[in-house]
Number of protein chains: 2
Amino acid sequence: MILSRTSQYAIQALIYVTTRPRGEPVLNREIAEHLGVPAAYLAKIMQTLCRSHLLDSFRGRLGGFCLHENAEKTDLMQILLLTEGAGFTDTCLLGLKVCSDETACPMHSRWKPIKEKVVLLLKEQTLEKLALAVQSGKYRITDLPHAAMNPP
Amino acid sequence: MILSRTSQYAIQALIYVTTRPRGEPVLNREIAEHLGVPAAYLAKIMQTLCRSHLLDSFRGRLGGFCLHENAEKTDLMQILLLTEGAGFTDTCLLGLKVCSDETACPMHSRWKPIKEKVVLLLKEQTLEKLALAVQSGKYRITDLPHAAMNPP
DNA sequence: TTGATTCAGGACATGCTCATCCTTTACAAA
DNA sequence: TTTGTAAAGGATGAGCATGTCCTGAATCAA
């Protein structure tokens with residue numbers, strides 16, 4: 001299961017915003033620098049997240065992005081439906097256009113329960129839970145600094 | 001989990017060749033027509049499968065592709081390591097370059113067991129088993145004909 | 001030897017994702 | 001009102017996966 005960079009950036013950015021104090025807009029530049037992702041590209045993603053009402057945006061001085069009302073209850077499945085498109089979880093492993101219980105590829109019966117586990121997992125992980133995990137210090141949403149990745 | 005078209009075509013073609021009588025070369029054109037995939041593109045994929053010794057190729061009249069000695073014991077994991085590249089199963093859901101038991105993203109601990117299930121599944125599915133499933137008539141590796149997909 | 005057939009392989013075209021750049025619009029403080 | 005700041009949005013480009021085309025090399029039959 002490999003998500004598009006767009007989805008990965010979206011999830012990372014949303015978690016980061018959720019870790020920040022509610023009501024204080026967070027700058028796109030700050031998010032991009034913190035995550036180590038291209039700011040101009042992230043800006044486009046933030047735009048679509050605003051249009052999907054997961055974020056609110058404010059222009060000008062004191063501007064930035066805030067989590068929309070109750071958006072911390074959003075789960076990963078909802079986010080991925082936006083960024084990957086509907087039906088991203090009911091794809092056939094072999095790429096068949098129609099692969100269902102009635103007429104299937106030879107992997108279908110074993111692949112389906114795994115997909116179901118994935119969907120359950122994505123649905124139970126909310127921004128709130130993920131942000132808490134990051135705030136605990138045990139987990140991270142950014143790459144390690146270069147020094148830690150290339151020890152001398 | 002979405003595989004590249006290249007991987008999907010490779011798996012489909014290998015299963016198809018496995019369903020055919022051993023020792024009788026199968027034409028690239030025949031495979032492409034049967035699977036409904038572009039012949040020129042498939043030819044490139046068949047080439048790499050030959051270089052990986054999953055197939056043998058023969059030119060000229062009576063030419064075509066045969067399954068290499070014992071290649072019917074090949075499992076999907078081995079095929080995907082060739083087509084998707086090594087390490088395609090140990091990627092982080094959020095895209096982190098380093099995400100291990102020691103230092104991880106907040107999804108790691110729940111994502112890892114799912115990845116392990118996927119790997120086990122891919123390793124137990126051999127071309128032989130998949131070809132038998134297709135030959136039984138219960139499963140298919142090609143798209144339904146248009147009529148069946150767009151009923152009147 | 002010639003011709004037909006089939007794979008090998010390079011060059012090229014296309015489409016999508018990822019990414020950048022620049023101008024416009026909105027907003028707040030001075 | 002002016003100035004600085006930040007998001008909105010359009011245009012454009014880079015890179016890779018996908019797909020096409022054409023020529024060459026191998027093989028077999030006539």
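Chain naming here is simple, since letters A, B, ... match the order of the sequence lines and numbering starts at 1 in each.
- In this entry the distance linking CZ of B/Phe58 with P of D/dC28 reads 10 Å, nearest Å.
- Whole-Å rounding puts the B/Leu27 CG to C/dA4 P distance at 18 Å.
- A/Ser4 and A/Glu84 form a side-chain donor-acceptor contact under 3.5 Å, judged by distance and modelled atom types alone.
- Each of C/dC7, D/dA8, D/dT18 was ranked by its minimum atom distance to the side chain of B/Phe65; first place goes to C/dC7.
- Residue B/Leu62 contributes atom CG, which lies 9 Å from atom C1' of D/dA29 at whole-angstrom precision.
- A/Tyr16 and A/His34 have their aromatic ring centers within a separation under 6.0 angstrom.
- Nearest to the side-chain atoms of A/Lys44 among the listed nucleotides C/dC21, C/dC7, D/dC21 stands C/dC21.
- In this structure, A/Tyr9 and A/Tyr41 have perpendicular ring planes: the angle between them is above 60°, well past the 30° mark.
- In this structure, the CG atom of B/Leu49 is 14 Å from the P atom of C/dC7, given to the nearest Å.
- At the phosphate of C/dT17, neither OP1 nor OP2 sits under 4.0 Å from any side-chain N or O atom of A/Arg5.
- Rounded to whole Å, the distance from CD1 on B/Ile45 to C1' on C/dC7 is 15 Å.
- Taking side-chain N and O atoms only, A/Arg51 has a distance below 4.0 Å to OP1 or OP2 of D/dG9.
- The distance from atom CD of A/Gln8 to atom SG of B/Cys105, rounded to the nearest 0.5 Å, is 10.0 Å.
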Check the pair A/Asp75, A/Leu122 against side-chain contact (heavy atoms from CB on, under 4.5 Å), reporting the backbone distance first and the verdict last. CA-CA 7 Å; A/Asp75 62 55; A/Leu122 294 176; 5.8 Å; no
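- Rounded to an integer number of Å, the gap from OH of A/Tyr41 to C1' of C/dC21 is 16 Å.
- Put simply, CZ on B/Arg29 is 15 Å from P on C/dA4, counting in whole angstrom units.
- Applying the 4.0 Å criterion to OP1 and OP2 of C/dG9, one finds that B/Gln47 has a side-chain N or O inside that range.
- One interatomic measurement links the two molecules: CZ of A/Arg59 to P of C/dC27, which rounds to 7 Å at whole-angstrom precision.
- Nucleic acid contact for A/Ala43: none, since no nucleic acid atom lies under 4.0 Å from a heavy atom of the residue.
- Phosphate contact (OP1/OP2 of C/dT17, side-chain N/O of A/Thr6, threshold under 4.0 Å): absent.
- Each of C/dA29, D/dA6, C/dT20 was ranked by its minimum atom distance to the side chain of A/Arg61; first place goes to C/dA29.
- Minimum atom distance to the side chain of B/Tyr9 is reached by D/dG19, of the listed D/dG19, C/dC21, C/dA19.
- Dashed line: the shortest gap from a side-chain N or O of B/Ser57 to OP1 or OP2 of C/dT6 is not under 4.0 Å.
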